[in-house]
Each structure stands twice: as C-alpha cells, then as structure tokens.
Amino acid sequence: QRVYATAHDISPEVHIRMQAAFQKHTDNAVSKTVNFSREATEAEVDKVFRLAYELDCKGVTIYRDGSREYQVLSTGKKHEAPAAGSETAAAAALEAPRAPVIRQRPKALRGSTYQMDTGCGPLYVTINEDDDGIFELFTTMGKAGGCASSQCEALGRMVSLAWRSGVEAAPVIKQLVGISCHQPAGFGVEKVLSCSDAVAKAIERHCGESGGGLKKRAMDRGACPDCGSTVEHLEGCVVCRACGYSECA
C-alpha cells in the first residue's frame with residue numbers, strides 16, 4: 001500500500017475518469033466499479049452517474065462500503081463502538097440484540113416426512129414441530145452414504161439449529177431455494193435443482209407455501225439470495241436484474 005494506491009485511496013471522480021480513458025479507445029463497454037466509502041451520500045453517487053454520462057461511459061457500477069453484511073473485499077478497519085457512558089452507548093445497549101435462546105428438544109415430537117426426487121436419488125425430508133411451531137429437520141438419502149448424504153445431514157442440522165434459535169421457516173426457504181447442482185431432477189414446476197433446493201421445497205410444502213411462487217423459483221439458473229428472483233450470468237458474474245444483487249460486489 002506504500003507503493004500502490006488502493007481503490008479507496010482514489011476519489012470516485014478519478015475512478016470514473018479512469019474508466020472514461022479506457023472507454024475512449026474500446027469498442028465494447030468497459031466494466032468498472034466505483035468504490036465509495038460507507039459515509040458516501042446520495043448526492044455523491046448522483047454526481048458520479050452524471051459524470052459517467054458526460055464522459056460517454058457506456059455503463060457504470062458503484063459500490064458503497066459496508067452496504068452488504070458480507071462483502072468480498074474489506075479494508076480491515078474496525079468502526080469503533082460509542083464510548084461507555086455516553087448517551088449513544090446507552091441507546092446502542094438498549095437496541096443491542098439479545099443472544100438467541102435455543103429451545104430444548106422434548107422427548108416426543110410430531111411431524112411429517114416428504115419424499116423429494118433429486119439427481120442423487122430419493123431424499124426423504126422429515127420436519128418435526130413442538131407446541132411453539134416448526135422445530136427440526138432430518139434428511140435421509142435413498143442411497144446410503146456418500147458425500148451427498150453427509151451434506152444433507154449437515155444441512156438438516158443447521159436448519160434445525162436455526163429454527164430452535166427462533167428463525168422462521170421463510171428465511172430458511174429463501175436461502176436454500178434455487179441453489180443448483182450438476183444433477184437436477186424433474187421438469188417444470190416439479191424440477192428440483194439440488195438437494196438444498198429439495199429441502200427448501202419440502203419446507204414450503206410443509207408450511208403450505210407451495211404454488212405459484214414455486215414456479216417462479218424453479219429456474220435452471222437458480223434464484224437471487226436477496227429477493228428470490230431469477231439470476232443471470234453476465235460478464236463472468238451472477239447478477240439479479242430485479243434488486244441489483246451481484247455475486248461480484
């Protein structure tokens with residue numbers, strides 16, 4: 001860093017002027033991300049888009065640091081918490097989320113088992129409930145053993161832990177539905193893209209949420225992890241036109 005300037009050492013305006021310099025001598029569009037600090041304002045973003053237009057850039061992408069909970073690159077800087085005793089610290093303490101309480105498993109639970117056809121063979125998904133609602137999930141592969149079986153077991157354990165910690169079924173479905181592998185099974189709305197997708201569809205069926213939404217998600221190219229819409233492969237990256245999600249951001 002003593003020798004080269006990093007992305008955050010360069011102002012957004014210079015980012016755009018660099019892109020424009022390349023664009024001037026390129027027939028195709030030039031892909032470049034303008035990096036903003038987390039303190040960037042809407043006015044600063046507006047200025048960059050207008051400058052890109054004035055300099056004849058064919059496109060522009062911006063990313064505001066910290067706008068996603070998990071991001072590919074980070075400066076490593078830690079944002080200091082408010083000093084103890086201050087009003088801000090007191091307010092933050094009141095708003096701080098409490099650690100989740102994991103529900104203990106009773107001796108007996110009621111549930112249902114769903115047979116899902118996957119590219120790895122039949123997958124049996126068992127969903128159990130207690131008096132407070134959905135509680136745990138078990139998976140059994142028709143073909144015992146193997147990597148797929150171990151992955152499904154791990155998936156069931158993590159889903160169960162999430163539910164017992166207070167997570168609802170919908171966020172779990174959102175994270176798992178649309179994940180694809182090299183061996184899908186079925187056709188149309190019955191198509192299962194992977195074992196993870198099969199688990200999501202079994203949960204949907206159990207919760208009574210299957211139907212029209214399922215048709216939208218059963219796409220060959222998977223679904224957006226943020227909004228559930230279909231994603232596309234553009235310029236070597238997976239993107240969602242509906243909400244702007246980008247796997248490369």
Side-chain angles (χ1 to χ4, degrees), residues 69-70 109-130 133-234 236-249:
E69 184 178 359
Y70 303 103
L109 291 171
R110 60 184 180 276
S112 301
T113 299
Y114 303 88
Q115 178 181 331
M116 309 298 295
D117 294 324
T118 74
C120 298
L123 175 66
Y124 298 91
V125 181
T126 299
I127 300 173
N128 292 330
E129 299 183 7
D130 65 1
I134 202 162
F135 185 89
E136 64 185 4
L137 183 146
F138 293 101
T139 62
T140 303
M141 288 294 298
K143 299 176 181 178
C147 183
S149 180
S150 63
Q151 293 290 343
C152 288
E153 180 181 350
L155 183 61
R157 292 189 182 194
M158 294 307 298
V159 170
S160 299
L161 180 61
W163 287 345
R164 292 170 61 187
S165 301
V167 178
E168 300 292 335
V172 173
I173 295 171
K174 181 179 178 181
Q175 293 298 320
L176 299 180
V177 74
I179 295 177
S180 60
C181 73
H182 67 290
Q183 281 187 308
F187 300 93
V189 296
E190 299 298 327
K191 187 170 186 177
V192 174
L193 304 178
S194 66
C195 293
S196 299
D197 191 49
V199 169
K201 288 175 169 59
I203 299 171
E204 277 191 318
R205 187 182 302 176
H206 184 81
C207 296
E209 296 176 0
S210 59
L214 195 58
K215 297 180 181 179
K216 177 182 177 183
R217 298 189 185 103
M219 303 297 289
D220 290 339
R221 296 184 178 180
C224 173
D226 281 359
C227 70
S229 298
T230 306
V231 295
E232 299 180 24
H233 292 268
L234 297 175
C237 190
V238 176
V239 298
C240 174
R241 294 185 182 275
C243 70
Y245 167 83
S246 171
E247 197 176 58
C248 302

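Remember, it's a predicted structure, so these values are computed and weren't measured experimentally.
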Minimum heavy-atom distance [X]-[Y], with the two atoms named:
| X | Y | result |
| --- | --- | --- |
| Ser160 | Gly156 | OG-O, 2.8 Å |
| Gln115 | Arg205 | O-NH1, 4.3 Å |
| Cys152 | Met141 | SG-SD, 4.0 Å |
| Lys191 | Pro184 | CE-CB, 3.8 Å |
| Ala185 | Asp117 | CB-O, 3.7 Å |
| Gly178 | Asp197 | N-OD1, 2.8 Å |

Are the side chains of [Y] and [X] in contact, using a 4.5 Å heavy-atom criterion?
| X | Y | result |
| --- | --- | --- |
| Leu123 | Thr140 | no |
| Leu155 | Cys195 | no |
| Leu137 | Val125 | yes |

> Taking only residues two or more places apart in sequence or in another chain, which ones pass ring pair (Phe, Tyr, Trp, His ring centres under 6.0 Å) with Phe138?
Replying inline: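 Scan of Phe138 (ring pair (Phe, Tyr, Trp, His ring centres under 6.0 Å), adjacent residues dropped) gives none.
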
When rounded to the nearest 0.5 angstrom, what distance separates [atom1] in [X] from [atom2] in [Y]?
| X | Y | atom1 | atom2 | answer |
| --- | --- | --- | --- | --- |
| Ile134 | Asn128 | CD1 | CG | 9.5 Å |
| Trp163 | Glu129 | CH2 | CD | 8.5 Å |
| Met158 | Leu176 | CE | CG | 11.0 Å |

Tell me, please, which residues at least two apart from [X] pass side-chain hydrogen bond (donor to acceptor under 3.5 Å, both in side chains).
| X | answer |
| --- | --- |
| Glu168 | none |
| Gln151 | none |
| Thr126 | Thr113 |

> How would you list, by chain and number, every residue that makes a salt bridge (charged side-chain N to carboxylate O under 4.0 Å, His left out) with Glu153, sequence neighbours excluded?
Replying inline: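 Checked Glu153 against salt bridge (charged side-chain N to carboxylate O under 4.0 Å, His left out); matches are Arg157.
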
>> Going by the rule side chain to side chain contact (heavy atoms under 4.5 Å, CB included), which residues pair with Ser112 if we only count those two or more places apart in sequence or in a different chain?
In response: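 Tyr114, His206.
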
